[in-house]
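Structure first, then comments.
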Amino acid sequence: MWLDWKPRRDLPAYAKYVVGEAGSRRATAALRELRTGLAAMGGEAPGAAPPETAPCLRLVEEPGEEEGFRLRRHGEGLILSGTGRGLVFGAFYLLRRLALGEDFPCCNSSPAYPIRMLDHWDNADGSIERGYSGNSFFFREGRPVCTERTRDYARLLASCGLNGCCINNVNVRGNALRLLTGEYDGELREIALCLEEYGVGLWLSVSFSAPMELGGLPTADPLDPEVKAWWAEAAGHIFRSVPNLAGFLIKADSEGRPGPHTYGRTHADGANMLADAVRPWGGRILWRCFVYDCTQDWRDTETDRARAQCDTFAPLDGQFRDNVCLQIKNGPVDFQIREPVSPLLGRLENTNSLLEFQLAQEYTGQQKHVCYLIPMFREVLDFRLRHRPEKDSAAESIQAVCAVSNTGDDVNWTGHDLAAANLFGFGLLAWDPRSDPAEIAREWSVLTFGRDTAVTETVCGILLGSRETYEKYTVPLGIGWMCVPGTHYGPSPEGYEYDRWGTYHRATCREIGVERGPGGTGYALQYHSPLAEMYGSADSCPEELLLFFHRLPYAYRMKDGRTLLQRIYDDHFEGCAEAEAMARAWNTLEGRVPDEVFRRVRERFREQVRSAREWRDVINSWLYRLTLIPDERGRRLYL
Ligand code: GCV
């Protein structure tokens, strides 16, 4: 990963000595990272005792910020922070700047959000739900495990500014249900301490019906006194036994998971009951809003899954405890390649919210296709929700941020070597949502592959165009959901069309798309003005989301004069050609990046190109058969 620091001939003189008081475990970790990092870059380990006049690098813990740090130059270089945690972040930041060839960046830096975390969908048996990079390194054969990789993982997170992780799947199954029983306290404590050294807090997903599953109670009703007492006791036990536990993450009333609706209670009732149980320990509750009807009848055209989260949670604004944070996916449906920003983010004036992204590329190529997601994340963070006159961007409306992790026990951590840029980029954006995705790509490439300009340019070229390329050859214009049901990989245009999941495009031989304007399901009206009007009309709707919001005839004229259908055909041809060009660009790097990386990525590109052609041909021929309208440019459309 990017922590493989490369030798640098012109390392500044101050880097020869590193001085610091190892006040805490974290300060010690910061010192160790600096020493090993500088040794790798400079070729020899820095000394700890500089001669009197020699410049040095000094780490100082002095009262101040909790996680932020200051870099100062007064002859010597200073990294200052109020805590060891800040020193860890500062040490990694300086190492990154040095690895980029810089000298000493004097700066003040502090994170935008107090919670910046990764969610793992790791199961206790070691498998990972939607995992595309091997098995879990947190669980093996039913038990949590702490290994050398746990420590490296903590280093990775801290090195890009992240400070938390939830180690188990929100779908809490099997032995993961038993994490609260005390049976695994030893292992959990070990993991927690290992993460803590690098300032990374531990979170656990818990099951809402744990009082029944574990406690043998007849109910999990959040207002039942016995249920409350059970949770208070369970929280007390786990918080006492596992230091550095930050709180619980809960998926309730979602995709078959138990939740407060079973008892006629609201999500506020459920979340607040848990919030009260963890409050004595300073704990927090992250409560997911991914709630919708997953037993829909495709003939029902009234129910619109996109509406569900706002309909459920907006009326509850202001009813949640201050240690509850509502966790909201970036779009209203489910991590598609293009979705509008969730309107719920603009409907919570008096409730803490956390924006959830997905690094695991469930619908965006599953870490077999290169799809650099950071420009999309930045777009979401920049999106103005218009719920107040200023400071109304998503980034300014949330209190925390998380992403579903793309890591596993594969040798390269992320399956596709280039997918590591997503993990790195998410960390940087979580620290500073104004970070530039192009600059992040450059930084990641230089840290990972060194300062070879040809490599940096090629890698950045590939990364920066990859999202649009993927979108074009799969599901352009916000259509979404034409993937194979279950696996979510590869094309199946009608795979979800007559299913129960509420994910329909409703294509006929005449029209395609779901009408979500005022004359349709009214989803567009969940946005504040002027967004509601903009999305509500096909004329003003941004074209990239046209078929998310509107049902239109194939002959509909796009702004450039092409018909809607022709635009879809063209996008598939173009996207596929772009994927082929990316693969060719990668091939020019043979001999310039490590051989094994070159070969691994070349293999991934082979699969990406194969799959892109399949997407192009399956979608285009399906539309051709449906409409009998040929490509205006006479290309072959049918398989
Ligand atoms: C963890 C999607 C995925 C599920 C996932 C769910 C969620 O539906 O396909 O695998 O479950 O989202 O975010 O809870």
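Values below: all heavy atoms of this structure, side chains included; hydrogens, waters and symmetry mates excluded. In listed order, ligands and their atoms are each counted from 1.
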query: Is any side-chain N of the basic residue among D382 and R378 closer than 4.0 Å to the acidic one's carboxylate O?
result: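 Yes, D382 and R378 are salt-bridged.
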Contact residues of ligand 1, where a non-hydrogen atom lies under 4.0 Å away: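 Shell around ligand 1 (4.0 Å, heavy atoms): W121, E129, R130, N169, V170, N171, K251, E255, R288, F290, K329, D334, E362, Y363, H488.
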- request: Can you sort out the partners of Y523 under ring-ring contact (aromatic ring centres under 6.0 Å, His included), two or more places apart, ordered by chain and number?
  value: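 With sequence neighbours excluded, Y523 shows a ring-ring contact (aromatic ring centres under 6.0 Å, His included) to Y527, F548, F549, given in chain and number order.
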task: Using the salt bridge (Lys or Arg N to Asp or Glu O under 4.0 Å) rule, collect all pairs that involve residues 395-417, keeping only residues at least two apart or in two chains.
output: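 Those involving residues 395-417 are D417-R600.
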- request: For residues 474-490, pull every pair meeting salt bridge (Lys or Arg N to Asp or Glu O under 4.0 Å), keeping only residues two or more places apart or in separate chains.
  value: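 Qualifying pairs: none.
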task: Kindly give the heavy-atom pair with the smallest separation between T407 and S405, and that separation in Å.
output: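 Distance-wise, the nearest heavy atoms are OG1-OG, 2.8 Å.
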message: Check whether W413 forms a cation-pi arrangement with R149 (NZ or CZ under 6.0 Å from the six-membered ring centre, at most 45° off the ring normal).
response: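 That pair qualifies as a cation-pi contact.
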